[in-house]
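Within every chain, numbering begins at 1; the chains are lettered A, B, ... in the order of the sequence lines, protein sequences first and strands thereafter. Given the structure is predicted, the values throughout are model-derived calculations rather than measurements.
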Amino acid sequence: ADNSEGDPADTEANNNAAGEGNEESADDAEGDGDEEAAAPAGDQTLIFARGGDSVSLDYASVTDGESSRVTEQMFESLLSFEEDSFEIGPGLAEDWEMHDDGLRYVFTLREGVTFHDGTEFNAEAVKTNFERWADPDHEFHFGDEGYAYAVYGTQFGGFVGDEGHVIDEINVLGDYEVEFVLNNQLGSFLQNMGMSYFSMTSPAALEEYGPEINENPVGTGPFQFVSWSRDDSIVLEKYEDYWQEDLPKLDQVIFQVIPDNSARLTALRSGEIDIMDGLNPDDLEALEGEEGITTFERTTNNIGYLGFNGDKEPFDDPELRRALNHAIDKETLIELLYAGNAEPAKNLIPPDYLGYNDEIEPYEYDPELAQQMLEDAGYEGLEFDLWTMPVARPYMPDPERAAEVMQANFEDIGVTANIVSMEWATYLEQTEAGEHDVYMLGWSGTNGDPDYFFGNLLHSDAIPGGNRDFYRNDEVDELLDQAKVSIDEDERTELYMEAQEIIHEDAPMIPLVHSIPVLAGSDRVQNYVPHPSTSEPLTEVELSE
Amino acid sequence: MFAYTIRRLLMLIPVLIGMSLITFSIIHLIPGNPALTILGQQATPAAVAQLEEQLGLNEPYFVQYTDYMLGLLQGDLGQSLRTNTAISGDIWPFLAATIELTIFAMVFAVIVGVNAGIISAWKQNSLFDYTAMIIALIGVSMPIFWLGLMQQWVFAQELGWLPAFGRANPRDPVETVTHFYLIDTLLSGRLDQFSIAFQHLILPGIALGTIPMAIIARMTRSSMLEVLRSDYIRTVQAKGIHQLSIVYRHGFKNAVIPVLTVVGLQTGTLLGGAILTETIFSWPGIGRYVFDAIGNRDYPVIQSGILIIATMFVFINLIVDLLYSFIDPRIKY
Amino acid sequence: MSKPVLEVNGLQTHFFTDRGEIPAVDDVSFHIQQGEVLGVVGESGCGKSVTSLSIMGLVPDPPGKIVGGEILYRSEGKETNEENLVELSKKRMRQIRGNRISMIFQEPMTSLDPLFKIGFQITEGLRNHSNISKKEAHRKAVEMLTLVGIPRPEEVVNEYPHQLSGGMRQRVMIAIAMSSDPEVLIADEPTTALDVTIQAQILELMQNLNKEKGTAILLITHDLGVVAEVCQRVVVMYAGKVVEQGSVRTILKNPKHPYTQGLIKSLPKLSERDTRLYSIPGNVPKPGSIKNGCRFAARCPAVFDRCLVENPELLQLEDEHLCRCFLYDNKEGGGKNGETALTGSQRP
Amino acid sequence: MAKQPLLEVKGLKKFFPIKGGILAKQVGEVKAVNDVSFDVYEGEVLGIVGESGCGKSTTGKALLRLIEPTAGEVIFDGKDVTKMSTEEMRVMRRHMQIIFQDPYASLNPRHKIEKILGEPLLVHGVGTKEERRKKVEEILEIVGLPGEHASRYPHQFSGGQRQRIGIARALIVRPRLIVCDEPVSALDVSIQAQILNLMEDLQEQFGLTYIFIAHDLSVVKHISHRIGVMYLGKMVELTTNENLYKEPLHPYTQSLMSAVPEPDPDKKKERTILKGDVPSPSNPPSGCPFHTRCPAVMDMCKTVVPEFREIKVNHFAACHLYDEESTQEQTADYHLQQN
Amino acid sequence: METVKPTNKTPIPGPEEQEPQTSMPAPASPWKEAFRELKKNKLAIVGMFIISFFILIAIFAPFLTSYAPSTLNAGPRLTSPNLNNWFGTDDLGRDIFTRIVYGARISLLVGFFAVTGALIFGSMLGIIAGYYGRWVDMLISRFFDIMLAFPSILLAIAIVAILGPSLQNALIAIAIINIPIFGRLVRSKVISIREEEYILAAKAQGMKSGRILIHHVLPNSTAPIIVQATLGFGTAILEAAALGFLGLGAQPPTPEWGAMLSDARQYIQSAPWTVLFPGISIMLVVLGFNMIGDGLRDALDPKMKN
Ligand SMILES: Nc1ncnc2c1ncn2[C@@H]1O[C@H](COP(=O)(O)OP(=O)(O)OP(=O)(O)O)[C@@H](O)[C@H]1O
Ligand SMILES: Nc1ncnc2c1ncn2[C@@H]1O[C@H](COP(=O)(O)OP(=O)(O)OP(=O)(O)O)[C@@H](O)[C@H]1O
Ligand SMILES: [Mg+2]
Ligand SMILES: [Mg+2]
Ligand code: NI
């Protein structure tokens, strides 16, 4: 994946020249710019260190965070999220309109945008990209090469030929105007359009690289691809013809893999890298006072919970479930397992989400009350199996330890929880089949839409499936169904708020935490704002001296 | 000689087939539905079905194995489930990284181990002998992952003498041709990068090479002691040859075969130990490739990675066997 | 008559092991004249090899050490050239070893380095002691092989030891030893591992070398037959000590020490049809296991009180005939007739 | 000497395969024993001499089927040993015993002497435990060791003592025939005489029959009534002790005898020093195996294998010099030269 | 005392004959002798001390510490070693000393069961191969070859990848990878001992081959097996720790040393003691077994002795 033989040497020469030239100005800056933001550094190469490598650079066919972290830099979607929330705004589309009660959308595209290969971005490109994902027979679908567009399937109800597939057709209305015709209403349609999974790839590049597109990404984003050594580093460089004037500010971005947390920190401290992901919570304290280092918090976007099997006695009794809700000491859990970097959860969806009901009174940690409630409901010497996941997840860094903490909590109220663990696949199969009493699991958001949480975890349609609580409440189902198809944000908010109240009362699960990922970086890094979706474009980021 | 080589190669066939059978079976031995195991919790049933199809899990075992073998014979290691790329296309940089590290570690182990062993045997029961052998004993008992962590802590983090991770300075990526950084940096004429790449090798190389070094030192010593006691060394002594020349020319040459065997076997330790060292030192090698694949349940990668490492190991031992005949004229084939 | 080319006086070589100090060679004295063949006989473990290694300065150290005595080497038998090998520097010792005094060993099968060509091994010492060209070394190697009667020497030079039979290898060993034209050749049981027909060949070769080149040979063996065949004088050792010494004829025909007498009588002989062998009772003692008295006392048919407490000296019975036995100590208490020593215990 | 031989060996052969080549198939064979025949009579000592590797041990072991013979018959007391079943053979072993050369390797280092000696009795179901213990002590006394040594381990004995134990083990089941495979060659000269005497005594005392294998001609001659000389897997001469010494027929025997050094400085005999080495048994010379080194070699020796036959009364040899065709004079001449 | 012979009754005056055994009391079995030899080996003694120490610790773990190994929040997190927590505490406030002490149980048990398992199956296969020879041998030997063609830790990882990560599966994996090591050893011993002269002697006595195998071949092949088992103890512990470190062995909160290391590695900068003590413990135990193993080899196999 080498661009040209002479290139690196050239860049270096440039950098050196720039560095030399800037030395004086840097001195100057120090002289008079104390209160002002520091002057930009000569070498605008940012190294972002992370624990794992990207899976693929074809964003649509993979779902992992590490991949999108990189593709965010090279690709753009029609719409974009706010820098720190899932609020949508213009992206490659300058404007958009909804028609026919949400059955038709028209996007007006930005003019003068070019792909990194020089070809123009236009309505045809949009059509090609969407059809590529939707249509298994499309020439660029590459299904036989193992490409699968799972997120497309989930977000748009399947693929061409599937019953639930919502996008009926895509029409090119003009060079810069494109129309989506839907079969059904879809509340999260616009939200989906902001997802980095639905970014635009150059059709010319698809033509040229075919199934190798995942190693030869060509988008419209601020940075273009230079090279990738797997499990080591991905090098991107500034795209000179980027449509936003004077952006990006960085010349080069390198995503460096350093799996070991403490090695990554060492590298940050020694200045070998500029931003690191996956900071060990315990190092946070030490870093806080440290010269030259700042930390960044990412808004939370997940839930870790303890679910009950509502089909099994005695967990079909909401009173019991409520009692147990009082038994868990979430604060200690967060202190021990997340070193404080998590929020105690009271709802299923993360706080920044549309429709988050902040009025809900959480079940307080109150062992005595819990014990009392149990006694009142007639549960003496309750004993059950507490299933715990065998693998760590973002929302649960150490499930077995968490299980132990909760085991201790239950013991305090005279309830015996026996920790059960098994192989991951078996765990999933058996919880789906309802073999469990109480189990631990969680969920991560993708597009900031609440339906992704509610629909998958608590709707009775998701039995068997994601609804491992076997929670069935027609009222809730009704509310969720309405909210899913509604296209009015306010209405949706209402509906979800209401659903959450019922759910809180029914207590099909104990919501535990929303974890907050923390990043650390050199204080030379300016304008870096982590996005809740685990990745963000570094368009505005700049390195100061 | 030629016939022997052929014979040894023929003898490898059942071993290689057995190996492929074992690695092939990995995916079939996982309890539960492999496709679900791989895709995990948020997978749709359609995706599971598709993966089953892709992995060919619907076909009879024998057909699957035949396909797998036919693929292998054509150099097709299958496709990574995670990245959807052909494993055979991805694997070389990892392999090169590991080979570079392994060779460095082995060179370190052999140079230090052999010389320590020779001197210990020569100066048997001297202070040097005792110290060297105690160190070697500790060396063989050392958990290398711990040694690696401690080295990283002391030399990279506390003292800052050596880099803590990776193969090169991330700000100044090496232009890769062969993916052996020591060679690539030289090819592009960058001596500064060469020196940096070399520095990166030191900590993981020593961590990885410690156990083989200790084992080689012990083996060299005992083998040398036996040789030095032998009749023909006495014959050479009786010729009035200087002891140094006796020890190194006659002594070591005769002691080398068991040492060589150990070196061959220890490449196994190195290749296996690479998984540990590469994780600690963020070395993008095959060990980490496999280890990450385990974490991701990327079974085709696990299969291929293990098969390749084992095949390398088998061939190294074949080479060692063939080397014997160059060293020892008695081994005639 | 010139002085002996090699003279060993009161040599004591001890091994210091975990089981204590082992006096493997304890006060051994003998000498070899120029061009003479001296035999050293004795049973396994009596210290023959250690004696020869002591002369070569090759006693493994640790555990071995020469703790007493001297080994005088006089080049060409001249007093002016006298050097005490025990005290020589390592460097000077290397110049003598393999050059002026050479040695061949018992095990021809294992005494050659299996990884080097015959030619190299023959001339290795030579190249070390004097600078000769590769070509000359080759020529010399062929010459030496021819000298020791190896067929196809030109080819054998380039062969490896494992391609040769035991007898051939022993010839190569002799060629190595003789390549520097030494004054003294020490042969430690050179034929023990060989078949009789091959032994005959090697013995003949050694005799020829002795005659033609005038090399003095110290022939170590446990076979009295070999001694009778090739030696002029004999030293008999028992448990680290010399018990008798004299000309071959004296020792074999008229032995004085009860051990020598017993040894000779206990041999089955080809020519005689004897119904029963004489046997020396008991076992060969390990050196160091007997602290006091004569080391043969426990097995001696003529033992008397004094033997158990005192250490007998080596007595000169007649010119060139020495014996370590109180039977011949006329000063005090002895006086028994040595000749009759064995009669009591012999079967009728 | 009874008329009927106790043991008849007819055309005994043992070939060891040599593996090699690409598929480790047999590429040749070591003809360790190549067509050997002889008889052994009750109460006699038959000596077998020959140089290293000529097949003496292999012959001995093949007689007892410790090595399966390739061909030939071994008839012991009228029954063919080679055709016996495993069980028959096991029972049979009581009557045929063996003593090994190496007193260190032939005793199980982990067993006490009482077990080593008691085990043969046990497997043959002899006596009760107490009786067996008694027998062990008895046999120890017989071979000249104190009975209380039964509770010791082999490593606590010297070489000579170990060889006595080896003899005791062979003797304890009261066999009729003992094959002695170089029982004294690992021993010191002074110990060798003790063991030889002991063996002679035992033979007389128990009326044993020995096949006494050794490479030392003087030892064999001392103990044997008749002697067979082997060369390269073949028996070349077989006759009585006196005959062999007085009138060796085969040129190999003659040179062997002349090569034995005698500890008598007066006997400076004329030696026939053989040229060259013993050829390899994997590739024996054609015709007479000795023809490559024979001082009296004739043309026919190179091609025709000489028959092993009785040339004089009780005097067998395999040599063309004594063929009917060859003239008596030639033989005589040759002998004149020698003696 | 071999002077008393039935036929040559020569009365020999003089002191007791010097026999090689007079220096040692009889009867001494080869095992006792080996043990005596072993006692002379300083390193082996040190090794035995180390191992006995850890065994005692493992047995009396509950009496040595007032903490429980997995109790959470037992104290403040990541405190450096002090009087209450000799080795400090870890990130969950657990007493590291307590965890090390309980970890000794796990490591020793893993070593024991892995070695025993490998020994039993390995010996069985080895004996069958060595004894039956021919195609059985061929088959089993090829099987060993194939197993040994994989670097051992890699094979263990593969097995764990199949079975899923847990201490029990790690144990099974370690036992499996050690089977061919013991198997080969036993096979080669059986084959070489079968050629020994005393086995030939036993055969000549008319012993059945089963008896020969049990009474002669096996007892004589135990020495190298014991040595290998001792050394195997060390390797098994090391391998278990490596698997634990990779997260493929014991799962938290089990106080397995390797898993402890892997948990603690991120605190190496802020709380180095969390990494130091588990590592030292692993090393010491393995060192102890290696010292004993070396000593045993020297004592049981004089040929190997330097
Ligand atoms: N390296 C050694 N360490 C300890 N003792 C030794 C060593 N070498 C020799 N000895 C002792 O020295 C004694 C004499 O040994 P030496 O080799 O000289 O006997 P030998 O007469 O040559 O016997 P053989 O006929 O068996 O060759 C032996 O009994 C032995 O105990
Ligand atoms: N198991 C075997 N496999 C292959 N060849 C063998 C085997 N045993 C013996 N031989 C070969 O058979 C030949 C005869 O051996 P044997 O042991 O019978 O000789 P020997 O006369 O007893 O010699 P020695 O005097 O050395 O004991 C030798 O060449 C030997 O190499
Ligand atoms: Mg000797
Ligand atoms: Mg033999
Ligand atoms: Ni490239």
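- Across every non-hydrogen atom of D/Ser106 and E/Ala201, the tightest pair is O-CB, 4.0 Å.
- Identified by a heavy-atom distance below 4.5 Å to chain E, contributing residues of residues 173-190 of chain D are lacking entirely.
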Assess whether side chain to side chain contact (heavy atoms under 4.5 Å, CB included) is satisfied between E/Arg211 and D/Leu122, documenting all intermediate values.
CA-CA 11 Å; E/Arg211 185 183 173 87; D/Leu122 183 74; 3.2 Å; yes

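- Contacts between D/Arg94 and chain E at a heavy-atom distance below 4.5 Å are absent for every atom of the residue.
- Distance CE/E/Met207 to CZ/D/Arg93: 11.0 Å, rounded to 0.5 Å.
- The list of salt bridge (Lys or Arg N to Asp or Glu O under 4.0 Å) pairs with a residue in residues 187-200 of chain E, not counting sequence neighbours, reads E/Asp137-E/Arg187.
- The local environment of CZ in D/Phe16 is crowded, with over 12 non-hydrogen atoms from other residues, nucleotides or ligands closer than 6.0 Å.
- How far NZ of E/Lys208 is from CZ of D/Arg90: 4.0 Å, rounded to the nearest 0.5 Å.
- Side chain of E/His215 to main chain of D/His111: no donor-acceptor pair is present (N/O by atom type, distance under 3.5 Å, no hydrogens or angles).
- With chain E as the partner, the residue from D/Ile172, D/Leu107, D/Ile98 showing the most heavy-atom pairs under 4.5 Å is D/Leu107.
- Of the listed residues D/Pro120, D/Pro154, D/Ala170, the one with more heavy-atom pairs under 4.5 angstrom with chain E than any other is D/Pro120.
- Side chains of E/Tyr198 and D/Pro109 form a contact here, defined as non-hydrogen atoms less than 4.5 Å apart.
- Contacts with chain D were tallied for E/Asn220, E/Ile199, E/Ile193; E/Asn220 has the most, counting heavy-atom pairs under 4.5 Å.
- Only the backbone of D/Gln101 comes within contact range of chain E, with heavy atoms under 4.5 Å apart.
- A 6.0 Å sphere centred on CZ of E/Phe121 holds no more than 12 heavy atoms belonging to other residues, nucleotides or ligands.
- Interface check for chain E: of the options D/His124, D/Lys115, D/Glu119, the most heavy-atom pairs under 4.5 Å are formed by D/Glu119.
- At most 12 non-hydrogen atoms from other residues, nucleotides or ligands lie less than 6.0 angstrom from NZ of D/Lys135.
- The line from CG of E/Leu218 to CZ of D/Arg110 is 12.0 Å long, rounded to the nearest 0.5 Å.
- In this structure the side chain of E/Lys203 never reaches within 4.5 angstrom of the side chain of D/Lys61, judged on heavy atoms.
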